[in-house]
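Working notes, structure below.
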Amino acid sequence: MSRRAQFLEVLGIPTEWVPRTRVAAPAEAPPHVVAQPAAEPPAAVTAEPVAAAIAHPEAPPAVPAVPPAPERAAPALVPAGPAPGAAQAEREAAIATMDWPALEAAVAGCTACGLCQTRTNTVFGVGARQAEWMLVGEAPGENEDLQGEPFVGQAGKLLDNMLGALGLARGRNVFIANVLKCRPPGNRNPEADEVAQCEPFLRRQIALVRPRVIVVLGRFAAQSLLRTTTPIGKLRGTVHAYEGIPVVVTYHPAYLLRTLTDKARAWEDLCLAREVHDRAGAGA
Ligand code: URA
């Protein structure tokens with residue numbers, strides 16, 4: 001059976017068918033700043049008399065606590081350290097030099113955005129770290145959050161079958177990652193701030209893997225990676241670039257599960273990706 005026939009069978013289509021307040025914004029603070037107990041100016045200021053009263057219960061209750069001088073509160077509101085923009089740049093620079101173990105640890109312990117409060121597991125990515133193919137999805141869903149691995153739900157099964165039709169397998173010769181490493185609650189769309197905090201991790205993963213080709217799955221991942229608002233229909237069929245690496249855009253497998261009409265187009269996209277991959281190999 002031809003690869004195309006095999007692929008269309010995987011997708012469930014007949015082969016003859018031809019064609020989808022901290023005062024400063026916490027988002028800009030580095031993880032260590034966000035993770036630290038936030039400055040609590042009023043509590044910090046009033047804590048001393050309260051703590052003293054608890055520590056010295058014999059102290060005469062009639063003596064009122066001295067109200068804090070307002071100028072004492074102000075320094076507690078302004079954390080020491082670099083300005084938020086500089087801190088973010090510093091964080092990104094640090095991530096950009098990490099090796100695999102450091103990167104994995106940084107993702108596992110990340111508290112740079114609010115998703116750390118609702119996740120069960122971070123989802124780092126899976127596959128061969130020297131793979132020639134890299135796939136990038138949007139963000140973990142419920143199953144991925146529970147298992148800590150990307151694309152393990154229904155969409156993941158379809159993805160594995162699609163990869164199989166190309167002679168690829170997640171454990172062997174492809175690395176799979178997401179733009180976000182934590183699940184947005186209720187599978188809502190990722191927010192710009194979450195993407196901004198997480199993107200350095202993906203950028204570093206791509207730099208470490210150095211694949212010959214990146215296949216981006218779905219509108220959200222494509223628009224985030226390529227920093228564009230162009231619709232996915234217009235991004236398909238062209239070879240883009242991310243940090244000098246060729247990028248091919250295709251539909252998200254979850255979308256393909258729902259949309260028969262675009263399944264054959266996904267195959268055309270993967271054929272393009274294979275062509276790009278082979279060409280990159282020939283020039284290597
Ligand atoms: N959808 C994605 O984009 N990524 C996953 O890991 C799972 C579902």
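Small disclaimer: the values here were computed from a predicted structure and weren't measured. Whatever order the structure lists ligands and atoms in, that order sets their numbers, starting from 1.
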Checklist entry - Which pairs count as ring pair (Phe, Tyr, Trp, His ring centres under 6.0 Å) when at least one residue sits in residues 168-213, sequence neighbours excluded? => result W100-F175

Charged N to carboxylate O below 4.0 Å: is that the case for [X] and [Y]?
X: R129; Y: E104; value: yes
X: R170; Y: E149; value: yes
X: R203; Y: E243; value: yes
X: E132; Y: R210; value: no

Show the atoms of ligand 1 that are less than 4.0 angstrom away from any heavy atom in [X].
X: P150; result: 6 (O)
X: E138; result: 2 (C), 3 (O)
X: G137; result: 3 (O)

Checklist entry - At a 4.0 Å cut-off, with the gap strictly under it, does some heavy atom of A139 reach an atom of ligand 1? => result yes

Next on the checklist: Please determine whether side chain to side chain contact (heavy atoms under 4.5 Å, CB included) holds for the pair T238 and L272, giving the CA-CA distance in whole Å, both sets of side-chain angles, and the decisive distance to 0.1 Å.
Outcome noted: CA-CA 9 Å; T238 305; L272 172 61; over 6 Å; no

Item to check | Nitrogen or oxygen of P140 less than 3.5 angstrom from that of ligand 1 | outcome: no

Checklist entry - Got the closest protein heavy atom to atom 6 (O) of ligand 1, with its distance? => result N178 ND2, 2.8 Å

Next on the checklist: How far is atom 1 (N) of ligand 1 from the closest protein heavy atom, and which atom is that?
Outcome noted: H252 NE2, 3.1 Å

